[in-house]
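Heavy atoms only: backbone and side chains are in, while hydrogens, waters and symmetry mates are out. We name chains A, B, ... by the order of the sequence lines, and we start the count at 1 in each one.
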Protein chains: 2
Amino acid sequence: MTSTSGTRRSMTRRTASLPSHGREHNLALVLQHLYAQGPMSRADLSRASGLTRVTISDLVTELMSRGHVIELGTSNASRPGKPSILVDINRKGLQIIGVDLADSAVMRAAVMDLDGNVLTRVELETNDEKGEAATAQVIDLTGQAIAAATERIIGIGVGTPGIVNNDGLILTAPNFGWTNVDLHREIHERFSLPTHVLNDADGAVMGEHTFGNGSAHMMLVKLGRGVGCGTLVNGVRVRGANAASGELGHVIVGTDQGPLCICGKHGCLESWVSIPSIRRALAQRPEGISPEEHRAKIMQQAAERLGIVLAPIVSVLDIQDLVIAGPARFVDDQLLAALQETITARTNASQRPNFTVQLSENPDDIVLRGAAVNVLFNELGVA
Amino acid sequence: MTSTSGTRRSMTRRTASLPSHGREHNLALVLQHLYAQGPMSRADLSRASGLTRVTISDLVTELMSRGHVIELGTSNASRPGKPSILVDINRKGLQIIGVDLADSAVMRAAVMDLDGNVLTRVELETNDEKGEAATAQVIDLTGQAIAAATERIIGIGVGTPGIVNNDGLILTAPNFGWTNVDLHREIHERFSLPTHVLNDADGAVMGEHTFGNGSAHMMLVKLGRGVGCGTLVNGVRVRGANAASGELGHVIVGTDQGPLCICGKHGCLESWVSIPSIRRALAQRPEGISPEEHRAKIMQQAAERLGIVLAPIVSVLDIQDLVIAGPARFVDDQLLAALQETITARTNASQRPNFTVQLSENPDDIVLRGAAVNVLFNELGVA
DNA sequence: AATGTTTGTTAGTAAAGTTAACTAACAGTC
DNA sequence: GACTGTTAGTTAACTTTACTAACAAACATT
């Protein structure tokens, strides 16, 4: 029973840890506390983080020299001891550029502060431009947003439809006719600013997680021209083996056929619940049924179909929060209720006592804010 | 447009990084390289890890003092320079106890080496014991396995049905009538050895990932009395918000009703594809159809139903490898083919060019080996 | 005014990595 | 057979990072 000479193919290959990595980790930790809890003293940070006051002082000094942290002056709390000096993330002195390419009719960009508030918007109506023309539009719009910034920019975040790999290379984005477009490089070379590109639904889930409602085990479904989703497992974005995670639109729902989809299959989710599909269904009202009744039926159907596809995912991943983002005209409390009902009925719901189905807090800006979160995360280690 | 005074509820709260954490990380890194690539010299380790020879020497010294690494003597490769001294993980001097509670008829335990080879087995036939009687049986069997070990034991790994939280507390395990049973504490206090308890399907996916086939984006579906699954996302186990991930058996399949399930719903996956359900369906052969034909039809149906539930998950997570574990009598290449066919037909398969559906390499020992991997991971940082 | 508390800094130490330089042991060449 | 070059592993000194201990500054309370 000799043991096999060990040539395992276990894939986990971490990299060596140098002292400086720990340092970066702790710098990010300080920023995280400040970001989440607001202004506090070095002594507060020490208590919150477990690091000593000496170390915190050193970290804060470095963060101030980087411009990421500022002193706000002494706190005026009346209590014994030397008054503390409040420090905070440099909320007013740092800005983020967000670019949202999710809408097929209009490209949107914005200057945002660190809290995800939109300070200035710029938009550009498109005429279905493809390829390099679309790329040029993105660059142009980004430049406009950069020009509108009033403070130092820590980075540019882009949320785009399509499949985006870890390096910001857009493998495919049918809307813009992009194949292997290195949008990261294009933007970075043009503006020499840290740039982070990700899928729009992935951005949305990060934005909702940080700025809206949603735990570390959440999923955000985005209803628009298509149907996409972003997923967090234990607070970490699911990317998938081919960076193609979130593909939901062309999954077939149910076992009873369904409408013909543009992809050639029958009964794809997109053919049931994408906004164009819903509009189409609403327009085809049979005789002898009131508009209200018809609408209720169509929306009920859409919610059920969405629930049928989501139920296995919610159950297997033990998702806590399901957030739906889409036009308020269609995505409303009624839809949520029918959706939750369907998922509950089709799974062992008692094992997920705190499961929620919610609307996105700010569906219009969710991609912009998500793109900002991605910048925050990559540049400051925050979020 | 003043920014909101930042009280974000972003959940990510890491802990401070001390220099010693980096040290442990690097110690684990050395073990990982040895484990994956087999015996090598300190200089080899230095090249592979990026750390200097000096540091590697220091790490190896510490690992030898812990008994985790041994020197194998000089290599006899004929080349210029001082001959190297090969070091390796102490494969022969360390053993792992694995316990598999997945089968409802027999509890199984084993002494294993670091490569997951079973050296000695012990088994215990059960008579549907519940509660503390079942716990006592587990303790008894574990004790027998420990007695059979011939080398130092680095830990005990247990794979059990039911919902197991991060601390080894079994929240519910209907098979044994367990509710909030702290199996980790019971075993640890009795034997004073590092103990790690996890769900059987979670163990199985870890075992398959390390010892069998499967990438960092994989899913293992275990067909037995019920239907469960374990999922790896980016090489990390999915646990879920309530530690309840992997619940697959009581998800409803399709939109055409289906058999009544013991849970009260109609058309649960378990009522289609659990082994008892398949047996039942096979037994109910209508007149005028040959046994072979009937069997083919039933198995085709089971594969399709499984595929219908898995398709959304595979698509949304962008799973690379789907592994099915179950009795060879039913889980065969034919089932796989029908399953892959169904998933491909119901999703946008072109986005997952390397998607595979496979049989488990060693379905009988997969839980034992998975439990061992869990011990390896937690005690040595390997796998 | 004396006492106690709290903050932030200074000084020195321990841990864990680095570079530079060394010894040991081999193959190949003149 | 001595010399040269190569490779492995170790020793020594330095750098980074966090720690503990001690201190001065600035406040409230007695």
Atom-pair distance (NE2 on His21(B); P on dC19(D)), nearest Å: 10 Å
Whole-Å distance between dA8(D) P and Leu86(B) CG? 11 Å
CZ-NE2 distance between Arg91(A) and His68(A), expressed to the nearest 0.5 angstrom: 14.0 Å
Atom pairs under 3.5 Å, N or O on each side, protein against nucleotides 1-6 of chain D: can you list them with distances?
unit_1, atom_1, unit_2, atom_2, d
dT6(D), O2, Gly81(B), N, 3.2

Please classify the nucleic acid contact of Ile56(B) as base, sugar-phosphate, or nothing, using heavy-atom distances under 4.0 Å. nothing
Take atom CG of Leu51(B) and atom C1' of dT10(D), then tell me their distance rounded to the nearest Å. 17 Å
Would you classify Ser84(A) as touching base, sugar-phosphate or nothing, given that sugar-phosphate means primed atoms plus P, OP1 and OP2, and contacts are heavy atoms under 4.0 Å? sugar-phosphate
Contact class for Ile85(B) (heavy atom, under 4.0 Å): base, sugar-phosphate, or nothing? sugar-phosphate
Kindly say whether Gly116(B) contributes a backbone atom to a donor-acceptor pair with the side chain of Asp113(B) at under 3.5 angstrom? yes
Non-hydrogen atoms of Ile154(B) and Pro194(B) that approach each other most closely: O-CG, 3.5 Å
Approximate separation, where rounding is to 0.5 Å, of Asn242(B) CG and Asp318(A) CG: 4.5 Å
Just how far, in rounded Å, is P of dT17(D) from CZ of Arg23(B)? 17 Å
Could you tell me if Asn166(A) and Arg239(A) have a donor-acceptor pair between their side chains, going purely by distance under 3.5 Å? yes
Using a distance-only test with no angle check, is there a side-chain donor-acceptor pair under 3.5 angstrom linking Ser17(B) and Asn26(A)? no
With respect to Asp58(A), which candidate in Arg23(A), Arg53(A), Arg42(A) satisfies the salt bridge (Lys or Arg N to Asp or Glu O under 4.0 Å) definition? Arg23(A)
Could you tell me the boundaries of the chain B footprint on DNA chain C, defined by atoms under 4.0 Å from its heavy atoms? dA16(C) to dA27(C)
Expressed as a whole number of angstroms, how long is the span from Glu62(A):CD to dT16(D):C1'? 11 Å
Between dA26(D), dC19(D), dA8(D), which nucleotide gets closest to the side-chain atoms of Val54(A)? dC19(D)
What distance do Ile156(B) atom CD1 and Ile96(B) atom CD1 have between them, rounded to the nearest 0.5 Å? 11.5 Å
So which one's nearest nucleotide on DNA chain D is more toward 5', Ser20(A) or Arg79(A)? Ser20(A)
Base, sugar-phosphate or nothing for Ser41(B)? Non-hydrogen atoms, less than 4.0 Å. sugar-phosphate
Hey, is the side chain of Ser57(B) poking within less than 4.0 Å of OP1 or OP2 on dT10(D), counting only N and O atoms? yes
Less than 4.0 angstrom between a side-chain N/O of Arg53(A) and OP1 or OP2 of dA18(D), yes or no? no
For Arg66(A), does the CZ atom have more than 12 heavy-atom neighbours from other residues, nucleotides or ligands under 6.0 Å away? yes
Could you check how far CG of Asp58(A) sits from P of dC19(D), rounded to whole Å? 11 Å
Just call it for Arg42(A): base, sugar-phosphate, or nothing, with non-hydrogen atoms closer than 4.0 Å on any strand. sugar-phosphate
So His184(B) and His196(B), would you call those rings parallel, tilted or perpendicular, with 30° and 60° as cut-offs? tilted
Of Pro83(A) and Ser17(A), whose nearest nucleotide on DNA chain C comes first from the 5' end? Pro83(A)
For atom CE of Met40(B) and atom C1' of dG9(D), their distance in whole Å: 15 Å
Rounded to the Å, how far apart are Asn26(A) CG and dT16(D) P? 17 Å
